[in-house]
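Beneath this line is the structure, given in C-alpha cells, with notes to follow.
In this chain, numbering begins with 1 at the start of the sequence shown. Order of appearance sets the numbers: ligands from 1, and atoms from 1 within every ligand.
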Amino acid sequence: MQVVFLGTSSSMPTISRNTSCIALRLDGTIYMFDCGEGVQRQLHRTPFRQKSIDSIFITHMHGDHIFGLPGLLCMIGMTASPSKRPIEIFGPEGLRQWIRTTLKLCHAQIPIKYVVHELVLQEWVFMLLDCYRHEDDKYVVVAGLLKHTIPCWGYVVQERPHAGRFNVERAMEAGVRPGPMYAMLQQGRDVTLRDGTVVKSADVVGPQRQGRKVVILGDTSDSRSLLVAARGADVVVHEATVTEHEADFAVDRGHSTASMAGRFAHSINANTLVLTHFSGKLEGAYYGTSDNGTIKDLITAASKSFGKNSVIAAHDLTAVTICRKEDPAFPAHRTTSSFST
Ligand SMILES: [Zn+2]
C-alpha cells in the first residue's frame with residue numbers, strides 16, 4: 001500500500017508542484033484521489049499503468065481538483081482494453097453531469113465504460129461506499145463530509161483484516177499433508193484426517209492481522225465527520241494550505257493551517273501525518289525568499305499540535321509506503337521520491 005503524490009499545490013500549479021492529485025497504489029490496482037490538471041503527465045513520471053486505475057474518488061468540484069479528470073478518462077480509454085471493468089468514479093453531486101457534458105461537447109470517444117456514483121449531501125452523515133469493492137474484497141472505503149466552501153468529501157480506505165499466518169511446521173506435525181487441507185485450514189475450517197483426527201484451524205493458523213488504514217481528506221477547515229472512521233489511521237493526508245499567520249484566512253476559505261492538520265491527526269491517534277495542498281505563496285518561502293513562512297514552519301506547527309514528529313510535507317512524486325504492523329520498519333512508513341525524473 002503506497003500513497004503517491006502527483007500534485008501538491010493548491011489553487012494553481014507552480015513550477016515545481018502540480019495541482020491536487022494522489023494515487024493510492026494497492027495490490028495490482030490504483031485508486032486516484034482528485035485529478036488536478038496535468039495528471040496525465042505526472043502519471044508518465046511513475047511506473048503506473050493507466051489501465052490499473054480502477055476507481056477515482058473526487059473530493060469536490062473546485063477546478064484545481066478535477067480539471068484533469070476528463071483527460072485522464074480519455075488516456076485510460078486509449079490504453080485499456082475495451083473489455084476493462086467499468087471505472088468507478090465517486091464524488092459530489094454534479095460530477096456526473098460535468099463529466100458527461102465535458103466529454104460530449106469535446107466529442108471525446110472513450111471506448112471503456114465508467115460509472116459515476118454521486119454522494120448525496122446530508123449533514124454529518126457517514127456513507128459506507130458499498131458500491132465498489134476490490135476484486136478480492138480487500139478494501140472498504142468510507143466517505144465523510146468536510147467543511148469547505150462547497151460540498152467536499154474526505155475518504156478513509158480500510159484494508160480488511162488478513163488471515164493469520166499459517167504455521168506449516170505445526171500443520172505437518174499434526175499430520176496434515178500439503179494440499180487442499182492447507183487451504184481449508186487457512187480459511188478457518190477444521191479438517192478431519194483419514195484416521196479420524198480433527199485438526200483445528202486455530203491450532204495451525206495465527207490470529208487475524210489487522211488491515212492498514214489511510215485517510216485522504218479534501219479541502220477542509222473541519223473534518224470531524226470522519227473522527228470515528230479515521231481513528232487509528234496509519235497515514236492521514238491533510239491539507240495545510242497556509243501558515244499560522246493566515247489562520248483566519250484559512251478558516252474563512254474552508255482551509256486548514258498545519259496546526260489544524262496536526263490537531264486532527266492527534267484526535268484520531270494517527271501514526272503519520274502527511275501535509276499537502278500548499279499555497280503558491282509558500283513556494284518562494286520554501287527556498288527562504290518569502291515572508292509568508294516556510295514549509296518547514298508548517299512541519300514544526302503540525303508536529304507540535306499532533307504531538308508526534310512523524311510529519312511529512314509532500315512534494316510532487318513523494319511516495320509513502322504504508323508498512324504492515326508485522327513489518328520490522330513499523331511504525332515508521334518508508335518515504336521516497338524515487339519516481340522523480
Ligand atoms: Zn477547494
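- Considering only heavy atoms from C-beta on, W153 stays 4.5 Å or farther from L146 through its side chain.
- No close placement of the H148 and H65 rings is indicated, their centers lying 6.0 Å or farther apart.
- Look at H60 and the Zn ion (ligand 1): an N/O/S atom of the residue is under 2.8 Å from the metal.
- Taking 2.8 Å as the threshold, H62 counts as a candidate ligand of the Zn ion (ligand 1), since one of its N, O or S atoms lies below it.
- Residues H277 and T8 have side chains not in contact (no heavy-atom distance under 4.5 Å, counting atoms from C-beta outward).
- Ring centers of H238 and F264: under 6.0 Å apart, within the cut-off.
- Atom OD2 is the N/O/S atom of D219 found closest to the Zn ion (ligand 1).
- The atom name of the N/O/S atom in H148 closest to the Zn ion (ligand 1) is NE2.
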